Structure formats: C-alpha cells, structure tokens
Amino acid sequence: MRRRRTAAATLVAILAAATLGCTDGDRSVAAGGAESADLVITNATVVTMDADFRVIEGGAIAIAGSRIAAVGGAEVATRYAAKETIDAGGDIVMPGMVNTHTHASMTMFRGLGDDIPDRLRRFIFPLEAMVVDADNVYKGALLGAVEMVLSGATTFVDMYYFEDAVARAAKAVGMRAVVGETVIGFPAPDADEAYGGLAYARRFIAEWADDELVTPALAPHAPYTLDKEHLEEVAVAARELDVPVLVHLSETQAEIDKIDEEFGMSPVEYLDSVGLLDDRLVAAHCIFVDADDIELLRERRVGVSHNIVSNVKAGKGIAPVLEMLAAGLDVGLGTDGPMSGNTLDLMGLLGYTAKLHKLAKLDRRVMPARDVVMMATIGGARAIDMDDRIGSLEAGKLADLVIVDKDSVNMIPMYDVYAALAYAASSHDVRTVIIHGRQVMRDRRMLTVDVEQIKRDVRVLTDRIAEEAAKL
Ligand SMILES: [Zn+2]
C-alpha cells in the first residue's frame, strides 16, 4: 500500500486537472467566469515544500472542499470567486506538519516520574495498569490533539491503548491521524490477556476502515516486548488488513543486546526475519542502527520517525539521521509521548533537531534549516506513505495547511523563511490551522472543541493519577 511514487504523482495531477476543469461536481464556474472555491488565502508567503521547494511571495491558495484547487501568485485570487477570503497579510502559509510518533493520551502523565532510571518498566507500565481506561485516554488525547494543532501539526501518528478513543478525539478536534492499537506481550489496560491488542485492533480497524481523517493501524510495541510468534502474526495481519504498522525500533542499547543474545541479529534484521520490515512500517527512534541496518531499512522502504528531543532527554542517543537522509530513507519528525518529550510541540523541536545534529558532528553546515522543515512536512508524509495526499502545498492535495505569523517580534526581519521557521519561530506564532479544508483554529482560537472544558476534565483526572502515582 506504500511507495506508489509515480502513481501518487499521477493521482495528484489527475485530481488537479479534475478540480481545475470543474468536472468533479464538487465545484462549479461562478458568474463572471471565475471558478468557485470555498476559501482563498491571499497575500501569503507560500512555502510549498513541493519538489522544487518553491516559495511564493505575495502568493495565494484556493481551497475547494477538502482539497487545494490552486497554488500560485496573486492571479490565483482573481481566478476564484471564494465564499471566504483570508488576507494573510504577508504571513507564511506552509503545509500542516506531521507528527510521526506520539502517544497523545499520555498528556495525563506529563511530568510524572521524570528523571528516574528504567522508567518504562518500573513506573510507566504499573501506573498505566492502575489508571488507564477509555475515558481518560479520550480526555488525554483531546488535550494532546489541541496542543498539536496549536503548534502547527495537522496529522499525528499515535500508538497507545484504547486507540478507538484516540481516533474519536482526533475526529472531535478535526485532526488527521494514523492511530495504532498497541500489541504487547503482557496484559494491558485494554486487554486482559497478553497480545489481546490484536483482537482489539481487528475490531477497531474494521470500524475505522474508510474514515476521511483517521487511518487505523497495528502497533506492535517493540521487538523486545512481543515474542517472535506474535511479531509474525502481526506481520500477517497487517498484510491481510492492509494497514500501516507502527513500532519502536532500535531505541536502546539494552534492546540491541537482548535481540543479539537471543537471535544473533540487530533488531532491524530481526524484524525483517519476522516479515515486518516492509513499506507499511513506520519505525520510531532507530537510534542504534549501523550502515547495514540503514541499507536494509532503505531496501524495504521503511519510514523512520526521528524523535530527537525525547531521545536526548532520556540520554539514549542521537539517531544517525544524516546518514539515513543521505541513503535516501524517508524520515519524519516526532515528539514522542508527552511523558517522554513533555510537549507535543513540533514547531518547538525544529531548531533543536538541526542544532543537536550540528553539535554531534561539530559542523554547523549539516542539517540545514530547510531539511528540518522538510522532515516536519513532506518528509513525514513520505515516512507514513501519505505524500500523495499531504505534506506539500500543491493543487490536488488535501488542504492541510497552517498560517504562521510573520509579524511576531521574533520573526522580524525574515531574510530566509526556512531559517525563520526552524530557528526563530515558536508554536505561538502559528495563527490559523486548516485540516481537510476545514478551519480548525483561527487566530489562535480553537473552533472545534471547548478547550477550557478539556483542561478542566484533564485536571480532575490528573488529581486522581497523582494519588495513584504516590503509591508507586
Ligand atoms: Zn514512543
């Protein structure tokens, strides 16, 4: 289901032609010869992230229904009679960002047990067993999704329990999401038996199969938390159900040692041996991968999610992303869960990503600003194999885009738009967010959900979690 690059490009061209030719019934020619659109954004600095990295000053974008009808100069605005026009006043319009690895519901645990060793097994798993249910997953995911929209993400890729609740939260907020139900080798909050997540996932995948915003997925937790037989079972199920697979991979030295001891392979080779290493896989972290692993990941067309802020905070290491990009791997950026990365702010980690790679190589030239903006947008879309639909601003693609304030004090002057986005912008500069053609946030105000109510609900819930955590 992934990597139909040529076919994808063709699809975009066909959709663009259909839209421009007004033949799809979605749009019509308005009086006076102008074509009709639902929304036209004018007077924008359009950062397209297309194949030529076009940046259009004084540009305009026309949106019809859920799709981008046209992207170009000021003439686009004159060609369309729009129901609504947004004058961007010179602000940046860029593709909505793709957060390729999150556990959005874990906002409910943000800041708990930070800085303690072996936190996953000693703290997180027992705490989850005590408090996680569908209701608090929903509430936590609502808060997480709002945080992501506020910081310019329009798509997130999630792994957790009760993913049906995460899917419902994404829909309520109006975000696009790939939601992977966790399969793990011990009883989990939503499964009394080990590997019960697989049965949950089958139900959940059937329910969400054709949703326009939500793509259901399978999420085997990691090579070391499932046995070989069940990893193979997940691989077979993924092909049968035709869904993406999300996994944590090559994240710690302990994982490398364990898989080497048991199977005499690297975790990447091991996942290949169980049939999981293919183009539907999105592998988070990939910190401890060598040149052979990178070559294998490339051959199998695996998408990689790079979570540097979370990885550095945990003292794990820095994934060799420069080498991955040089090898032609599709790499996107992720925040990881808010218990690991503490925020879901993708805009906030662009600069860190560039700077930490420069520091690691003692070379200011590596990982230039445009590369991190690329990974946050079209790179992330490629990593999750949705680049035929999202990740760049091109006619025919889905209208997922954000408007970033060029008038903020920290954004003046702007000699280089990529440097401004990567090194100077903060999430607070994200003003307006459009997903699937719908305005989800306008001028910093969420239009889809009651943020104050979400905050109140999470506070009630987390008062209880604090009591439980004190017992651990
Ligand atoms: Zn994770």
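Remember, it's 1-based here, ligands and their atoms both numbered in the order they're listed. Predicted model, so just to flag it, every value in this text is computed and none were measured.
The atom of Asp336 that is an N, O or S and sits closest to the Zn ion (ligand 1) is OD1. Its N, O or S atom nearest to the Zn ion (ligand 1) is what matters here, and for His103 that atom is NE2.
Geometrically, Arg176 does not engage Phe156 in a cation-pi contact, judged by NZ or CZ lying under 6.0 Å from the ring centre and within 45° of the ring axis.
Atom CD of residue Glu394 and atom CG of residue Asp387 lie 10.0 Å apart, to the nearest 0.5 angstrom. A distance of 10.5 Å separates CD of Glu147 from CG of Leu346, quoted to the nearest 0.5 Å.
Residue His285: no N/O/S atom is found under 2.8 Å from the Zn ion (ligand 1).
With respect to the salt-bridge test (charged N to carboxylate O, under 4.0 angstrom), the residues Lys361 and Glu323 qualify.
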